[in-house]
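All remarks here apply to the structure that follows.
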Amino acid sequence: MLKFFTRIRILLWVFIVIGLGFLVSTQVRARLSQAEANLRSLETQTETIYPVETETLKTTDWDTWRSYYGQAKSVHTQNITTYEREIVRTVNVDIGSPVKAGQTVITLQVAARGAQVQSGKTAYDEAVLNYNRLKQLHAKGGISKSEVDAAYSRMRTAEAALKSTQSSLQRTSLKASINGIVSARNVEPGEVAEAGAVLLSIVDPKQMEAELMVSKKDIMKINENTTVEIRVDGQTYNGWVKRRSPEAQKGSGLYPVIVGLPENSGILPGTYVEGRFKVSSQQNVVVIPSNVVIYRGNKQSVYVADGNRAKLTVITTGEGREGKVVVTSGLKPGDSLIVSGNRVLYDGVGIVKNLGIAGKNDNDDSNEG
């Protein structure tokens, strides 16, 4: 009987221990569940929501311009030279002097040439008299026809020599052939003017053009229909392509392009100018601010607003200028591009849009490319 009651007590204690263990386990699980729920509630309550500014993307037209540089020059120029070595008698103009076509600007010594003309005239007169005399003798049968022909030949030779010396005498007065301004003076009275040397230079400042040096990648995109702007000293002028060279200059590898300038533009010869050529034009492209593009390795990406979440979007870009860049893939019209506050975002983070960080809203077109 004693053993029976002992076993009963042991079984009771076992049941008591099991019950206590179950009760403790139930309470622990309940507390863990409550703690997990509290943690989830705390995480929900403490999730960071980032304020951002967005821009609704639209399409626009995009022109690509290239800048090249060169110098202005006059369309009409004249370099005054002499055919023979001669002493300069007078120089009638100076640098900056206006001149008219036909005006004598330099005179050369004429004494020696005058003597040559007189000598040539005497020789020609004698040849004429001799030819006429021999022709009369031949008519009377006194001389042969060949002697008359030889006299005629000598007469024509003397005539040609006289005309040459007379022409040389006329070239002692060097004249301007264009209206313009003297841009260079390289000789003084009393000096010897060498044959072929430039004594004076004359330019016409009313009709100007610019020679711009263009790279190989753009030379085939430029023609007579290409829009070009000329910039100099803060002023912009509309120019036009007159001609282009198919051959690159040695050394630089650049191609000369001649651009016409408006008449009376005030641009002086030798002025360095910038020429902006519109080399291409695209229609209906998406353009975004270049400062929103994030570079990670070889990839480019931006953040767009997907509801109340930020979505990291990989894009491809093309031409860019003045803080704008063309997007060739990855974005489309109607996308809500995050343009402010994007530097602290990550993919999927919560956002709240357009709280006035930059004073924009979804309908703001101020950044339209």
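All figures in this text were calculated on a predicted structure; none of them were measured in a lab. Below, all heavy atoms of this structure are taken into account, side chains as well, without hydrogens, waters or symmetry copies.
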Give a yes or no on this: more than 12 heavy atoms of other residues, nucleotides or ligands lie within 6.0 Å of atom [atom1] of [X].
| X | atom1 | result |
| --- | --- | --- |
| Asp233 | CG | no |
| Lys206 | NZ | no |
| Glu263 | CD | yes |
| Glu224 | CD | no |
| Asn238 | CG | no |

(request) Decide salt bridge (charged side-chain N to carboxylate O under 4.0 Å, His left out) for Glu194 and Arg85; before the verdict, give the C-alpha distance in whole Å, the side-chain angles of both, and the deciding distance to 0.1 Å. (result) CA-CA 5 Å; Glu194 299 292 343; Arg85 191 172 187 267; 3.0 Å; yes

For residues 283-299, dump all side-chain donor-acceptor pairs below 3.5 Å to protein atoms at least two apart in sequence or in another chain.
| unit_1 | atom_1 | unit_2 | atom_2 | d |
| --- | --- | --- | --- | --- |
| Gln283 | NE2 | Ser281 | OG | 3.2 |
| Ser290 | OG | Gly323 | O | 3.4 |

Co-membership, hydrophobic cluster, residues [X] and [Y], 4.5 Å side-chain:
| X | Y | value |
| --- | --- | --- |
| Leu200 | Val198 | no |
| Tyr255 | Ile230 | yes |
| Tyr237 | Val228 | yes |

Are the side chains of [Y] and [X] in contact, using a 4.5 Å heavy-atom criterion?
| X | Y | result |
| --- | --- | --- |
| Phe277 | Val257 | yes |
| Asp94 | Val182 | no |
| Val352 | Pro51 | yes |
| Ile106 | Val88 | yes |
| Leu174 | Leu199 | yes |
| Pro205 | Ile181 | yes |
| Val91 | Pro189 | yes |
| Glu211 | Gln71 | no |

(message) Working note: Gln78 + Ser177, criterion side-chain hydrogen bond (donor to acceptor under 3.5 Å, both in side chains); need CA distance, chi angles, decisive distance, verdict.
(response) CA-CA 7 Å; Gln78 180 189 7; Ser177 60; 3.1 Å; yes

Closest heavy-atom pair and its distance - [X], [Y]:
| X | Y | answer |
| --- | --- | --- |
| Leu212 | Gly70 | CD2-N, 3.5 Å |
| Ser201 | Asn79 | OG-OD1, 2.9 Å |
| Ala210 | Val273 | CB-CG2, 3.9 Å |
| Ala310 | Ile338 | CB-CD1, 4.1 Å |
| Leu108 | Glu86 | CB-CG, 3.7 Å |
| Tyr303 | Tyr346 | OH-CA, 3.2 Å |

(request) Would you check, one step at a time, whether the test side chain to side chain contact (heavy atoms under 4.5 Å, CB included) holds for Ile222 with Val214? (result) CA-CA 9 Å; Ile222 295 174; Val214 175; 3.8 Å; yes

List in chain and number order the residues that pass side-chain contact (heavy atoms from CB on, under 4.5 Å) with [X], two or more places apart in sequence or in another chain; answer none if no residue qualifies.
| X | value |
| --- | --- |
| Glu274 | Ser67, Tyr69, Arg231, Arg276 |
| Thr64 | Trp62, Arg66, Val279, Ser280, Gln282, Glu319 |
| Thr104 | Asn92, Thr107, Ser173, Lys175 |
| Lys278 | Asp63, Trp65, Thr227 |

Ion pair [X]/[Y], N-O distance below 4.0 Å:
| X | Y | answer |
| --- | --- | --- |
| Glu209 | Arg243 | yes |
| Glu188 | Arg185 | yes |
| Asp335 | Lys332 | yes |

(message) Under 4.5 Å side-chain heavy-atom separation, chaining through any Ile, Leu, Val, Met, Phe, Trp or Tyr, what else clusters with Val192? Say none if it is isolated.
(response)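 When side chains under 4.5 Å apart are linked, the cluster holding Val192 also contains Ile87.
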
(request) Verify the distance criterion only: is there a donor paired with an acceptor across the side chains of Asp218 and Tyr68 at less than 3.5 Å? (result)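 A donor-acceptor contact under 3.5 Å links the two side chains.
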
Working to the nearest 0.5 Å, report the span between [atom1] of [X] and [atom2] of [Y].
| X | Y | atom1 | atom2 | answer |
| --- | --- | --- | --- | --- |
| Glu247 | Lys250 | CD | NZ | 7.5 Å |
| Met208 | Leu268 | CE | CG | 7.0 Å |
| Gln207 | Ser265 | CD | OG | 11.0 Å |
| Asn342 | Leu337 | CG | CG | 8.0 Å |
| Thr77 | Ile202 | OG1 | CD1 | 10.0 Å |
| Thr317 | Gln300 | OG1 | CD | 3.5 Å |

Ignoring hydrogens and geometry, is there a side-chain-to-backbone donor-acceptor pair from [X] to [Y] under 3.5 Å?
| X | Y | answer |
| --- | --- | --- |
| Gln103 | Lys100 | yes |
| Asp347 | Leu312 | yes |
| Thr271 | Ile267 | no |
| Arg244 | Ile219 | yes |

(request) Check the pair Val105, Val99 against side chain to side chain contact (heavy atoms under 4.5 Å, CB included), reporting the backbone distance first and the verdict last. (result) CA-CA 8 Å; Val105 292; Val99 296; 4.2 Å; yes

(request) Could you check Leu345 against Val52 for side chain to side chain contact (heavy atoms under 4.5 Å, CB included), going step by step and ending with a plain yes or no? (result) CA-CA 9 Å; Leu345 302 179; Val52 297; 4.0 Å; yes

(message) side chain to side chain contact (heavy atoms under 4.5 Å, CB included), that's the test. Do Thr313 and Ser301 meet it? Break it down for me.
(response) CA-CA 5 Å; Thr313 303; Ser301 57; 5.9 Å; no

